[in-house]
Amino acid sequence: MTVTALWLGDGRQFVVTAHALPPTPDGRAYQLWALARGRAPVSMGTFAVGPTGRVTAVLPVPPAVETLGLVADCALTLEASGGAPLPSEAP
């Protein structure tokens, strides 16, 4: 499994690409999280993966991510459709 998140130069969008992810189950969504040292994870948005296991998604940068400053890493969880305020499982 490979997931890549790129913050575009305009600062307003992320592009997420994934390969070999399991398809998204009904009623669920993959949720991407921004991780910054000493802060709770911040949602970067949700996306679905089809039967091929590949996806390219363009997600807007939420204001909460902009205020984090340096994002040290990203994490991915499988959440209920629409996402969660905090990860419900270990990323």
Side-chain angles (χ1 to χ4, degrees):
M1 163 178 46
T2 302
V3 179
T4 304
L6 301 170
W7 196 332
L8 295 181
D10 68 2
R12 296 187 178 125
Q13 295 177 322
F14 292 104
V15 174
V16 180
T17 60
H19 303 278
L21 274 178
T24 311
D26 289 341
R28 309 280 285 171
Y30 283 102
Q31 189 163 359
L32 188 64
W33 301 93
L35 305 177
R37 186 173 298 200
R39 312 245 355 233
V42 174
S43 177
M44 295 167 68
T46 62
F47 59 92
V49 176
T52 65
R54 294 176 178 236
V55 68
T56 298
V58 178
L59 304 173
V61 175
V65 172
E66 290 183 58
T67 63
L68 279 178
L70 178 65
V71 173
D73 208 350
C74 295
L76 189 66
T77 59
L78 190 58
E79 303 291 348
S81 288
L86 290 172
S88 66
E89 62 183 26

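Atoms considered below: every heavy atom in the structure, side chains included; atoms not considered: hydrogens, waters and symmetry mates.
- Here the OG atom belonging to Ser88 is positioned 8.0 Å from the CG atom belonging to Leu78, to the nearest 0.5 angstrom.
- Minimum heavy-atom separation, Val71 to Ala34: CG1-CB, 3.9 Å.
- Partners of Thr17 according to the side-chain hydrogen bond (donor to acceptor under 3.5 Å, both in side chains) rule, which considers only residues two or more places apart in sequence or in another chain, do not exist here.
- Closest non-hydrogen pair, Ala48 versus Val55, comes out as O-CG2, 3.4 Å.
- With sequence neighbours left out, the side chain to side chain contact (heavy atoms under 4.5 Å, CB included) criterion links Thr77 to Gln31, Trp33, Glu79, Pro87, Glu89, Pro91.
- Rounding to the nearest 0.5 angstrom, the gap separating the CD atom in Gln13 from the CG atom in Leu6 is 12.0 Å.
- With sequence neighbours excluded, no residue satisfies side chain to side chain contact (heavy atoms under 4.5 Å, CB included) with Pro60.
- When every heavy atom of Ser43 is checked against every heavy atom of Pro62, the shortest pair comes out as O-CG, 3.4 Å.
- Of all heavy-atom pairs between Pro41 and Leu86, the closest is O-CD2, 3.8 Å.
- Closest of all the heavy-atom pairs between Ala64 and Val42 is CB-CG1, 3.6 Å.
- Between Leu76 and Val16, every side-chain heavy-atom pair lies at or beyond the 4.5 Å cut-off.
- Taking the six-membered ring where the residue is Trp, Phe47 and Tyr30 present parallel rings, their angle staying beneath 30° rather than reaching 60°.
- Here the closest heavy-atom approach between residue Thr46 and residue Leu59 is recorded as O-CD2, 3.5 Å.
- Criterion: ILVMFWY side-chain heavy atoms under 4.5 Å apart, direct or through other members. Under it, Phe14 and Leu35 are not part of a common hydrophobic cluster.
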